[in-house]
Amino acid sequence: MRRIRAAAAGAVTITLLTAATACGGGSSDGGSNASPKTLTYWASNQGASIEIDKKTLAPELAKFEKQTGIKVKLEVVPWSDLLNRILTATTSGQGPDVLNIGNTWSASLQATGALLPWDAKNFDKIGGKDRFVDSALGSTGAEGKDPAAVPLYSMAYALYYNKKMFADAGIQNPPATWDELVADGKKISKGGKWGLGAEGSNASENIHHAFVFAKQHGADFFTADGKADFTNDGVVAAVKQYVDLMAKDKIIAPGNAEYAQNQSVSDFAKGKNAMLLWQSAAANLKSQGMADDAYGIAPVPVQSGTPGTGTNVNSMVAGINLAVFKNTKNLDGATKFVKFMTSDAEQKILNGAYTSIPPVKTAQTDTAFNSPSNAVLKDTLAKSAAALPQVADESQFETAVGTAIKGLFADAAGGRAVTTASVKAALEKAQQQMPKK
């Protein structure tokens with residue numbers, strides 16, 4: 001999933017999700033065709049701005065209307081609003097026909113009962129389930145249930161580094177381990193320049209990185225039976241290592257504790273930071289004037305060795321899924337729209353525009369996606385990325401733990417000590433906010 005969640009929405013998110021689960025959202029009959037000539041589509045903010053997204057999507061929606069006679073009313077929703085907008089729609093029944101969801105939310109939104117299940121019959125309408133790569137399908141809902149959505153864009157985290165800043169600091173190669181990243185960052189962090197950028201107030205970004213660090217410490221945030229386990233030693237060590245990049249290592253600017261709106265991407269594009277950990281950032285960087293040859297891309301570091309499975313996981317399986325509300329008044333049109341958006345042609349156009357990776361197999365193998373940067377992302381997705389927990393409480397987990405990490409970054413920025421004990425206390429408080437099992 002992409003980028004931004006408003007931390008202050010935590011309590012609202014939990015309350016709404018509980019209510020939505022109780023009422024089931026949507027209609028039980030899987031929609032109707034009472035309004036066959038219109039669709040409402042909520043798209044997520046994938047580009048550098050909402051206006052850029054509108055310009056990217058408008059010609060494609062016009063193409064769909066020309067082919068089908070169905071007019072699509074587009075709204076691009078900021079990530080800071082998207083989840084709560086969706087949850088409100090599940091309780092009120094007043095939502096779009098089709099919408100983008102962060103793939104990490106799939107199981108949580110599936111539990112509301114508001115989304116159309118993608119069973120074999122529905123997948124057949126869009127060309128079959130086997131068109132999609134396995135890693136993308138792994139983040140479409142709880143195991144053993146029909147997916148709640150269809151993969152639309154696939155992404156992975158990578159390390160972007162400024163070639164000139166590295167050369168000026170005498171650094172020849174991008175870091176492969178966290179120790180190397182810290183060492184390189186310290187060489188650069190002076191004179192108003194910083195080694196690494198972060199989005200300390202962005203709950204989702206915090207979770208994505210904490211999840212990777214936890215995997216590298218051999219830990220998980222949930223037990224095998226789905227219970228929250230935020231205070232185990234591996235998780236505590238993982239969160240501390242991440243926050244220590246600012247608190248102890250001092251390679252992240254203290255002001256990054258307040259970042260939540262892609263400011264770290266802008267800082268990287270402007271040469272303020274030498275490194276950036278981000279999902280499929282090329283299009284965003286280009287839109288901000290950074291030349292493709294000004295930066296390199298490498299796998300996210302690991303503790304030791306090379307990226308892979310187990311403790312060398314170096315990315316979550318990032319991406320966007322396309323879902324249909326069960327109470328749509330144009331079920332046939334919504335299905336046609338999903339088929340259109342996941343067609344080979346549209347997958348090449350849209351993923352090319354956003355420099356993401358098509359989750360559709362045939363589109364992914366197109367030569368347009370064989371650039372060196374895409375090779376890193378595809379290799380990560382295939383070999384060293386893991387899906388965030390596909391559990392019903394996932395969205396509450398993101399909000400509670402992501403906000404706890406936000407508080408720890410605020411402590412670091414304010415010069416307050418970030419200790420093992422303080423990290424554990426913050427995570428214990430987050431765990432207390434989770435639904436009781």
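Predicted model only: the values in this text are computed from it and were never measured.
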If we count only N and O atoms by modelled type, under 3.5 Å, do the side chains of [X] and [Y] hold a donor and an acceptor together?
X: Asn284; Y: Tyr354; answer: no
X: Asp184; Y: Tyr161; answer: no
X: Thr177; Y: Asp179; answer: no
X: Ser264; Y: Glu199; answer: yes
X: Ser266; Y: Gln288; answer: yes
X: Asn45; Y: Asp53; answer: yes

How close do [X] and [Y] get, counting heavy atoms only, and between which atoms?
X: Gly102; Y: Ile320; value: CA-CD1, 4.4 Å
X: Ala318; Y: Ala156; value: CB-N, 4.2 Å
X: Ala410; Y: Arg416; value: O-NH2, 3.2 Å
X: Glu60; Y: Leu350; value: CG-CD2, 4.0 Å
X: Pro389; Y: Phe397; value: CD-CE2, 4.3 Å
X: Gly95; Y: Ala89; value: CA-CB, 3.7 Å

Quiz item: When you look at Leu381 and Val317, which way does the side-chain contact (heavy atoms from CB on, under 4.5 Å) test go after all the steps?
Solution: CA-CA 7 Å; Leu381 284 170; Val317 177; 4.2 Å; yes

Practice problem: State plainly whether the residues Lys129 and Asp124 are in salt-bridge range, i.e. N to O under 4.0 Å. | Solution: no

Quiz item: Taking NZ, NE, NH1 and NH2 as the nitrogens, is one of them in Asp344 or Lys348 under 4.0 Å from a carboxylate oxygen of the other?
Solution: no

Examine distances only and state if a side-chain atom of [X] and a backbone atom of [Y] form a donor-acceptor pair shorter than 3.5 Å.
X: Asp119; Y: Asp146; value: no
X: Glu346; Y: Phe340; value: no
X: Glu75; Y: Trp42; value: no
X: Ser106; Y: Asn103; value: yes
X: Gln364; Y: Lys378; value: no
X: Asp81; Y: Val77; value: no
X: Asp244; Y: Ala247; value: no
X: Asn314; Y: Thr380; value: no
X: Gln110; Y: Ala142; value: yes
X: Glu205; Y: Gly200; value: no

Are there more than 12 heavy atoms of other residues, nucleotides or ligands under 6.0 Å from atom [atom1] of [X]?
X: Lys145; atom1: NZ; result: no
X: Lys339; atom1: NZ; result: no
X: Glu143; atom1: CD; result: no

With the side chain counted from C-beta on, respond yes when [X] and [Y] share a heavy-atom pair under 4.5 Å apart, and no when they do not.
X: Tyr153; Y: Gln279; value: no
X: Met275; Y: Phe166; value: yes
X: Asn256; Y: Trp194; value: no
X: Met155; Y: Leu377; value: no
X: Asn202; Y: Asn206; value: no
X: Phe64; Y: Lys336; value: yes
X: Tyr160; Y: Met290; value: no
X: Thr342; Y: Pro151; value: no

As an exercise, state the distance from [atom1] of [X] to [atom2] of [Y], rounded to the nearest 0.5 Å.
X: Leu277; Y: Leu159; atom1: CG; atom2: CG; result: 5.5 Å
X: Gln303; Y: Lys215; atom1: CD; atom2: NZ; result: 14.5 Å
X: Asn321; Y: Leu99; atom1: CG; atom2: CG; result: 10.0 Å
X: Asn84; Y: Ser395; atom1: CG; atom2: OG; result: 9.0 Å
X: Thr104; Y: Leu109; atom1: OG1; atom2: CG; result: 9.0 Å
X: Lys424; Y: Asn232; atom1: NZ; atom2: CG; result: 9.0 Å

Quiz prompt | side-chain contact (heavy atoms from CB on, under 4.5 Å) between Asp229 and Asp220, intermediate numbers included | solution = CA-CA 7 Å; Asp229 187 22; Asp220 285 298; over 6 Å; no

Quiz item: Trp278 and Asn262: side-chain contact (heavy atoms from CB on, under 4.5 Å), yes or no, with the steps?
Solution: CA-CA 10 Å; Trp278 207 255; Asn262 297 349; 3.3 Å; yes

Exercise. May I ask you to check whether Tyr242 and Phe409 place their ring centers less than 6.0 Å from one another?
Key: yes

Self-check item: Output field: ring centroids Trp178/Phe213 closer than 6.0 Å
Solution: yes

Practice problem: Would you please test Thr231 and Val235 for side-chain contact (heavy atoms from CB on, under 4.5 Å) and show each step? | Solution: CA-CA 6 Å; Thr231 58; Val235 164; over 6 Å; no

